[in-house]
Amino acid sequence: MPMNSPILVVDDDREMLSLLKDFLSRQGYPVSVANSGKNALSFFDTCQMHELPKIILSDVKMSPIDGLELTSFLQNERPNLPVILFSAYANGNLAEAAEKAGAKRFLRKPFGLHQIATMVEEELSRIKAK
């Protein structure tokens with residue numbers, strides 16, 4: 001059962017952003033979106049405390065701030081904030097870089113929406129258990 005936990009989805013691909021937002025919203029989650037790593041960081045600066053995301057889903061390949069840089073920054077500022085990174089350019093090095101940056105999970109595109117739902121549920125359950 002979804003908790004009232006805001007999710008921030010970050011992707012420069014409008015179709016993917018819309019797909020994930022619509023899917024997660026239908027699962028009962030409040031979802032915010034950012035179309036770049038830079039806008040994601042701005043989101044943190046402008047949102048109210050109760051609006052702070054509990055989990056981040058982000059693409060890796062974006063500019064000027066990519067998902068790895070976003071994750072590294074967020075892990076320094078909010079080390080308990082789970083980040084799930086995804087990319088179509090997934091290779092061993094990228095998955096390793098995602099882990100090194102602090103991502104809790106890494107998915108290769110294309111992925112099934114059920115995979116996202118399961119990962120979100122698991123990460124939010126971990127937060128609730130703490």
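From a predicted model like this one, the values you see are computed outputs, not experimental measurements.
Residues passing the side chain to side chain donor-acceptor pair (under 3.5 Å) test with Glu122, sequence neighbours excluded: Arg105. For Ser42, there are no side chain to side chain contact (heavy atoms under 4.5 Å, CB included) partners two or more places apart in sequence or in a different chain. By the side chain to side chain donor-acceptor pair (under 3.5 Å) test, Asn35 pairs with Asn39, sequence neighbours left out. Among residues two or more places apart in sequence or in another chain, the side chain to side chain donor-acceptor pair (under 3.5 Å) test is passed with Arg126 by Glu123. Every residue meeting the side chain to side chain contact (heavy atoms under 4.5 Å, CB included) condition with Ala98, not counting sequence neighbours, appears here in chain and number order: Leu68, Leu85, Ala103, Phe106.
Across Ser87 and Lys61, no two heavy atoms sit closer than the pair OG-CG, 4.0 Å. Taking both residues in full, the closest heavy atoms of Ser36 and Ser63 are given as CB-O, 4.4 Å, listed atom of the first, atom of the second, then distance. The shortest non-hydrogen separation linking Phe86 to Val10 is CZ-O, 4.2 Å. Across Leu81 and Pro53, no two heavy atoms sit closer than the pair CD1-O, 3.4 Å. The shortest heavy-atom contact between Leu52 and Pro6 is O-CG, 3.6 Å. Considering every non-hydrogen atom in both Ile127 and Pro82, the closest pair reads CD1-CG, 3.6 Å.
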Check the pair Leu8, Ile55 against side-chain contact (heavy atoms from CB on, under 4.5 Å), reporting the backbone distance first and the verdict last. CA-CA 6 Å; Leu8 177 62; Ile55 190 167; over 6 Å; no
Steps toward salt bridge (Lys or Arg N to Asp or Glu O under 4.0 Å) verdict (Asp11, Lys109): CA-CA 13 Å; Asp11 200 326; Lys109 288 181 187 176; 3.6 Å; yes
Which is it for Tyr29 and Glu121 under the side-chain contact (heavy atoms from CB on, under 4.5 Å) test, yes or no, and what are the steps along the way? CA-CA 10 Å; Tyr29 296 108; Glu121 186 72 27; 2.8 Å; yes
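By the 4.5 Å heavy-atom criterion applied to side chains, Lys54 and Ile7 are not counted as neighbours. With contacts defined as side-chain heavy-atom distances shorter than 4.5 Å, the pair Phe44/Arg78 qualifies. With a 4.5 Å cut-off on side-chain heavy atoms, Leu124 and Val120 count as touching.
Using modelled atom types, no side-chain atom of Glu99 and backbone atom of Glu96 make a donor-acceptor pair closer than 3.5 Å.
In this structure, NZ in Lys38 is found 14.5 Å from CG in Asp12, a value given to the nearest 0.5 Å. Atom NZ of residue Lys104 and atom CD1 of residue Ile56 lie 12.5 Å apart, to the nearest 0.5 angstrom. Taking CG of Leu70 as the reference point, atom CG of Leu74 lies at 4.5 Å (rounded to 0.5 Å). Atom OG of Ser58 is separated from atom CD1 of Ile84 by 11.0 Å, given to the nearest 0.5 angstrom. How far NZ of Lys100 is from OG1 of Thr71: 14.5 Å, rounded to the nearest 0.5 Å. Taking CD1 of Ile116 as the start and OG1 of Thr118 as the end, the distance is 9.5 Å to the nearest 0.5 Å.
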Under 3.5 Å donor-acceptor pairs involving side-chain atoms of residues 16-23, not counting sequence neighbours:
none

